[in-house]
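Please read the structure below before turning to the comments.
All heavy atoms count here, side chains included; hydrogens, waters and symmetry mates do not. Below, read A as the first sequence line, B as the second, and so on, with proteins coming before strands; counting in each chain starts at 1. The structure presented is a predicted model; accordingly, all values stated were derived computationally and were not measured.
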2 protein chains.
Amino acid sequence: MKPRDAQHSERPARVNDTAQRRDEILVAAAECFMINGFEATSIDMIARRMGATKGLVYHHFPAKADLFFAVIEHGMDLCFQAARPAAEGPGDGAARLRAVLEAHALTMMESVAFQKVNTQGVEMHMHGASTPDQRAMLAHLTGRRDAFEALIGDVLEAGACDGSIAPGDVRLTVKALLGALNWMTIWYRPRPGDERAGRQAIARTLADTLLNGVVRRA
Amino acid sequence: MKPRDAQHSERPARVNDTAQRRDEILVAAAECFMINGFEATSIDMIARRMGATKGLVYHHFPAKADLFFAVIEHGMDLCFQAARPAAEGPGDGAARLRAVLEAHALTMMESVAFQKVNTQGVEMHMHGASTPDQRAMLAHLTGRRDAFEALIGDVLEAGACDGSIAPGDVRLTVKALLGALNWMTIWYRPRPGDERAGRQAIARTLADTLLNGVVRRA
DNA sequence: GTCTATATTTCGATAGAC
DNA sequence: GTCTATCGAAATATAGAC
């Protein structure tokens with residue numbers, strides 16, 4: 001183990017302190033944005049929520065828009081981390097689609113704040129995206145969203161090939177499936193006493209409904 | 001026909017002039033809210049969009065929040081007007097559900113602006129709903145949203161009884177179905193050249209997917 | 001009924017102390 | 001690295017002319 005600087009050896013080891021601080025800000029920001037929306041959230045609110053002041057936030061993020069982008073990007077990271085292994089897992093198209101849908105539903109529930117911020121609309125708040133940096137970030141996020149939809153689309157097409165999934169308009173089907181799940185950011189709110197088993201039950205029921213439809217099978 | 005006031009008979013008949021003006025404001029507001037969101041939309045923008053000034057808007061609506069509520073209420077009116085006849089129409093549960101889903105999908109496409117404002121979140125912007133009037137309006141809109149979900153839930157239950165629809169968690173199924181359709185406010189934007197037939201095709205495809213699911217039928 | 005002008009507040013961002 | 005103090009821009013709402 002590398003010895004720490006002798007001059008400050010009495011201080012507790014604070015590895016990656018600034019990264020941790022950044023994450024704390026991200027969580028506080030996600031919660032504020034979720035509750036009030038982008039414009040109605042002031043930097044003061046975010047700082048107060050984590051027991052700090054504006055100066056701290058501006059020390060870690062150059063502007064409010066960058067903070068907003070960082071929140072959405074982190075939410076997307078979580079989506080990919082959950083969905084990609086499921087999409088690339090074993091089984092035929094239908095089995096993998098089920099795995100992806102359940103994983104995505106769980107992601108929605110377990111990071112509602114981050115996901116709802118994404119739902120609020122990336123492009124909306126950056127309509128006049130002033131700086132080139134912001135325009136680039138906007139394009140980057142749009143690209144990742146498209147990539148996520150393509151991930152699901154690929155599973156659908158694989159299923160259409162192996163016969164486990166009914167052929168149809170892939171783009172529109174992806175919108176329908178993701179819409180049903182992403183809509184959870186509108187109505188789902190974690191309850192103090194709820195457990196993972198309960199969330200898994202919801203995820204399974206939703207996936208069932210989407211896979212099998214609502215009409216009675218012959 | 002009742003004769004108009006003789007003193008002003010030379011003026012062109014302007015029946016319901018203020019009501020028309022109100023509607024114009026409503027449309028302009030819906031479009032601005034759709035593009036920029038509630039907080040980022042200024043009263044000036046709304047006025048400019050209809051070639052007027054702030055004073056006009058404040059003459060018809062006491063505050064920005066009331067205008068926002070009025071937009072959402074009108075959007076809900078459109079939803080009920082389309083869905084209720086379909087829900088109360090002829091046929092078994094599955095047939096009526098199909099009619100409701102297609103009607104709702106069409107409503108989403110043909111009044112995107114109004115519907116997207118609703119998606120933005122009623123409760124979000126009124127978190128601290130200051131005046132009692134605003135709190136009452138908030139409760140009113142929440143009640144109507146619940147009533148709309150109940151409308152669909154009733155059709156589902158009727159279908160479960162007559163055997164046309166698979167039994168299941170009604171509340172969760174309603175959320176899934178409405179989620180898939182309401183999500184259109186996120187991605188659907190009317191194109192200059194699109195026609196009603198195209199929208200109907202989208203509505204039918206979406207309803208098909210939700211009714212039959214995506215896995216291949218045995 | 002619609003406009004202009006303005007009072008008042010709020011917030012993003014910066015400067016600089018510690 | 002975090003805080004206090006403050007500037008300047010923007011927007012809601014109002015007052016009053018026409």
Which nucleotides of nucleotides 12-18 of chain C have their base under 4.0 Å from a protein heavy atom (B), which only their sugar-phosphate (S), and which neither (-), written as one string 5' to 3'? BBB----

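A straight line from NE2 of His59(B) to P of dT2(C) spans 7 Å, rounded to a whole angstrom. As rounded to whole Å, 15 Å separates atom P of dA10(D) from atom CG of Asn36(B). Between Asp17(A) atom CG and dG1(D) atom P there is a gap of 8 Å when expressed in whole angstrom units. Atom CZ of Phe61(A) and atom P of dT2(D) are 12 Å apart (whole Å). Following rounding to the nearest Å, Asp66(B) (CG) and dA13(D) (C1') show an atom-to-atom distance of 13 Å. When rounded to the nearest whole Å, the span between CD of Gln20(A) and C1' of dG1(D) equals 15 Å. Straight-line distance from the CZ atom of Arg48(A) to the C1' atom of dC3(D): 15 Å, rounded to whole Å. If you measure from atom CZ of Arg22(B) to atom P of dG1(C), you get 14 Å, rounded to the nearest angstrom.
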Quick one, Glu110(B) with Arg196(B), criterion side-chain contact (heavy atoms from CB on, under 4.5 Å). Give me CA distance, side-chain angles, the key distance, then yes/no. CA-CA 9 Å; Glu110(B) 290 177 351; Arg196(B) 190 173 166 89; 2.7 Å; yes

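No side-chain heavy atom of Leu101(B) sits under 4.5 Å from any side-chain heavy atom of Leu206(B).
With a 6.0 Å cutoff to the six-membered ring centre and a 45° limit on the axis angle, Lys64(A) counts as a cation-pi contact of Phe38(A).
Using a distance-only test at 3.5 Å, with no hydrogens or angles considered, a donor-acceptor pair links the side chain of Asp194(A) to the main chain of Arg191(A). Of the possible polar contacts, none joining the Ser111(A) side chain to the Phe114(A) backbone as a donor-acceptor pair under 3.5 Å is found. Between the Thr185(A) side chain and the Gln115(A) main chain, no donor and acceptor come within less than 3.5 Å of each other.
Between Glu149(A) and Lys175(A) there is a salt bridge, since a side-chain N of the basic residue sits under 4.0 Å from a carboxylate O of the acidic one.
Ranking dC3(C), dT4(D), dT2(C) by closeness to the Thr53(B) side chain, first place goes to dC3(C). Checking dT2(D), dT2(C), dG1(D) against every side-chain atom of Thr18(A), the shortest atom distance belongs to dG1(D).
Between the two ends of the helix from dG1(C)-dC18(D) to dC18(C)-dG1(D), each summarised by a five-pair axis, the helix axis turns through 0° (rounded to 10 degrees).
Inspection of the His74(A) and Asp23(A) side chains reveals no N or O donor paired with an N or O acceptor under 3.5 Å.
Distance check, rounded to the nearest 0.5 Å: CG of Asn36(A) to OG1 of Thr41(A) gives 4.5 Å.
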